[in-house]
Amino acid sequence: MSTTAQRQSFREGLLLGAPTLVGIAAWGMVVGIAMVKSGLSVTQASAMTLLVFAGSAQLASLPLLAAHAPIWVIFATALVVNLRFVIFSALLAPHFSHLPWRQRLALGYISGDIAVGLFLRRYPLETPDPGKVPFLKGLIYPNWTAWQVGSLAGIFLGAAIPAEWGLGFAGTLAIICVTVPLVLGRAALCGVLVSGAVAVAAFRLPYKLGLLVAVLAGMITAMAVEELTEKWVKKHG
């Protein structure tokens with residue numbers, strides 16, 4: 001693939017993902033502020049955002065850390081919250097299995113929910129295409145940068161920002177705006193609805209375990225609906 005074609009594919013990915021970057025940065029800022037407000041030092045919070053790079057897992061871990069929850073509960077919660085990345089990896093693997101493992105590892109580390117969703121919209125088929133790698137890079141590089149800039153800004157400015165500004169609510173709205181378009185199909189919608197209902201019902205569980213239960217319930221529901229839908233299509237198709 002020529003350099004010009006690679007640049008074009010990268011530009012296409014960049015333009016497709018550009019509208020989500022403001023929301024990503026806002027969400028990163030909220031997580032950065034939350035880390036500082038939970039008692040982490042600037043160094044600890046900065047290391048967490050650079051190494052973990054998973055806002056949902058970071059937020060799920062913070063109240064557990066503050067409550068001095070058992071380490072296994074913290075790791076189990078973060079693991080379950082991030083199980084979706086196993087699914088993402090399985091979906092992306094056929095497209096990039098030909099790449100060296102180091103390159104796959106690097107691309108996987110900075111790939112996020114929105115970038116994966118947009119990539120699979122653009123390339124739903126697993127047929128080889130030299131434009132796939134630069135296109136994915138055009139999605140994930142700006143996404144990672146926006147997150148880190150927002151998160152680090154939140155970390156360094158967190159102590160100076162009044163709580164009454166309500167940035168947590170603003171960040172929640174921001175992530176909802178960029179996530180809702182990715183809820184495609186009956187299975188995903190059912191999973192989201194069940195997860196939300198369970199999260200509200202299990203809100204008072206200790207150590208914030210309601211989040212863990214909600215994620216599991218949502219995943220099981222989505223998988224069940226997907227399987228039942230496929231069976232129905234095969235039977236009536």
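Nothing here was measured: the structure is a model prediction, and the numbers come from that model.
- Between Asn143 and Ile110, the closest side-chain pair of non-hydrogen atoms is not below 4.5 Å.
- In terms of heavy atoms, Val198 sits closest to Ala217 at CG2-CB, 3.9 Å.
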Between side-chain atoms of residues 61-79 and protein atoms elsewhere (two or more places apart, or another chain), which donor-acceptor pairs fall under 3.5 Å?
from	atom 1	to	atom 2	distance (Å)
Ser61	OG	Ala57	O	2.8
Thr77	OG1	Val73	O	2.7

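- The nearest pair of heavy atoms linking Ile33 to Gly154 is CG1-O, 3.6 Å.
- Linking Ile, Leu, Val, Met, Phe, Trp and Tyr whenever their side-chain heavy atoms come within less than 4.5 Å puts Met35 and Val42 in one cluster.
- Val52 and Trp27 fall within the same hydrophobic cluster, where Ile, Leu, Val, Met, Phe, Trp and Tyr residues are linked whenever their side-chain heavy atoms come under 4.5 Å apart, directly or through other members.
- One distance of note links CG of Leu212 with CG of Leu205; it measures 9.5 Å at 0.5 Å rounding.
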Run the side-chain contact (heavy atoms from CB on, under 4.5 Å) test on Gln103 and Val133 for me, step by step, so that the C-alpha distance in whole Å, both residues' side-chain angles and the decisive distance to 0.1 Å come before the verdict. CA-CA 10 Å; Gln103 187 174 1; Val133 173; 4.0 Å; yes
Throw together a table of side-chain donor-acceptor distances under 3.5 angstrom for residues 88-98, partners on residues two or more places apart or in other chains.
from	atom 1	to	atom 2	distance (Å)
Ser89	OG	Phe85	O	2.8
His95	ND1	Lys132	NZ	2.7

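- Listed here is the closest heavy atom pair of Leu211 and Ala60: CD2-CB, 3.3 Å.
- Between Ile87 atom CD1 and Arg84 atom CZ the span is 10.0 Å, to the nearest 0.5 Å.
- Leu105 belongs to a hydrophobic cluster with Trp101, counting contacts under 4.5 Å between side-chain heavy atoms of Ile, Leu, Val, Met, Phe, Trp and Tyr, direct or through other members.
- Not one N or O on the side chain of Thr49 forms a donor-acceptor pair closer than 3.5 Å with the backbone of Ala45.
- Counting heavy atoms from C-beta outward, Val215 and Leu83 have side chains that stay 4.5 Å or more apart.
- Placement of Tyr109 and Tyr141 within a single hydrophobic cluster is found when ILVMFWY residues are connected by side-chain heavy-atom separations under 4.5 Å, directly or transitively.
- Inter-residue side-chain proximity for Leu136 and Tyr123 is flagged as unmet; no heavy-atom pair is nearer than 4.5 Å.
- Under the 4.5 Å side-chain heavy-atom criterion for grouping Ile, Leu, Val, Met, Phe, Trp and Tyr, Met223 is not connected to Leu189 through any hydrophobic cluster.
- Atoms CD1 and CD, on Ile155 and Gln44 in that order, are 11.0 Å from each other to the nearest 0.5 Å.
- Minimum interatomic distance between Val81 and Ser56 (heavy atoms only, all atoms of both residues): CG1-CB, 3.5 Å.
- The neighbour count for Glu227 CD, taken as heavy atoms of other residues, nucleotides or ligands under 6.0 Å away, does not exceed 12.
- Looking at heavy atoms from C-beta onward, Ser9 lies out of side-chain contact with Lys137 at the 4.5 angstrom threshold.
- Atom OG of Ser46 is separated from atom CG of Leu51 by 10.5 Å, given to the nearest 0.5 angstrom.
- Between the CZ atom of Arg122 and the CD atom of Glu12 there is a distance of 5.5 Å, given to the nearest 0.5 Å.
- The shortest non-hydrogen separation linking Ile140 to Ala115 is CG2-CB, 3.6 Å.
- The two residues Pro142 and Leu139 make their nearest non-hydrogen contact at CD-O, 3.7 Å.
- Within the model, atoms CG of Leu152 and CG of Leu50 stand 5.5 Å from one another, a figure rounded to the nearest 0.5 Å.
- Proximity of a side-chain donor or acceptor of Gln58 to a complementary backbone N or O of Ala54 within less than 3.5 Å is detected.
- The pair Lys234-Glu230 does not meet the salt-bridge criterion, since no charged nitrogen lies less than 4.0 angstrom from a carboxylate oxygen.
- Side-chain contact between Phe10 and Phe135: absent, with no pair of heavy atoms (C-beta onward) separated by less than 4.5 Å.
- Put simply, Met29 and Val149 are part of two different groups of oily side chains (I, L, V, M, F, W, Y) that touch within less than 4.5 Å, one to the next.
- The closest side-chain heavy-atom distance from Gln6 to Pro130 is not below 4.5 Å.
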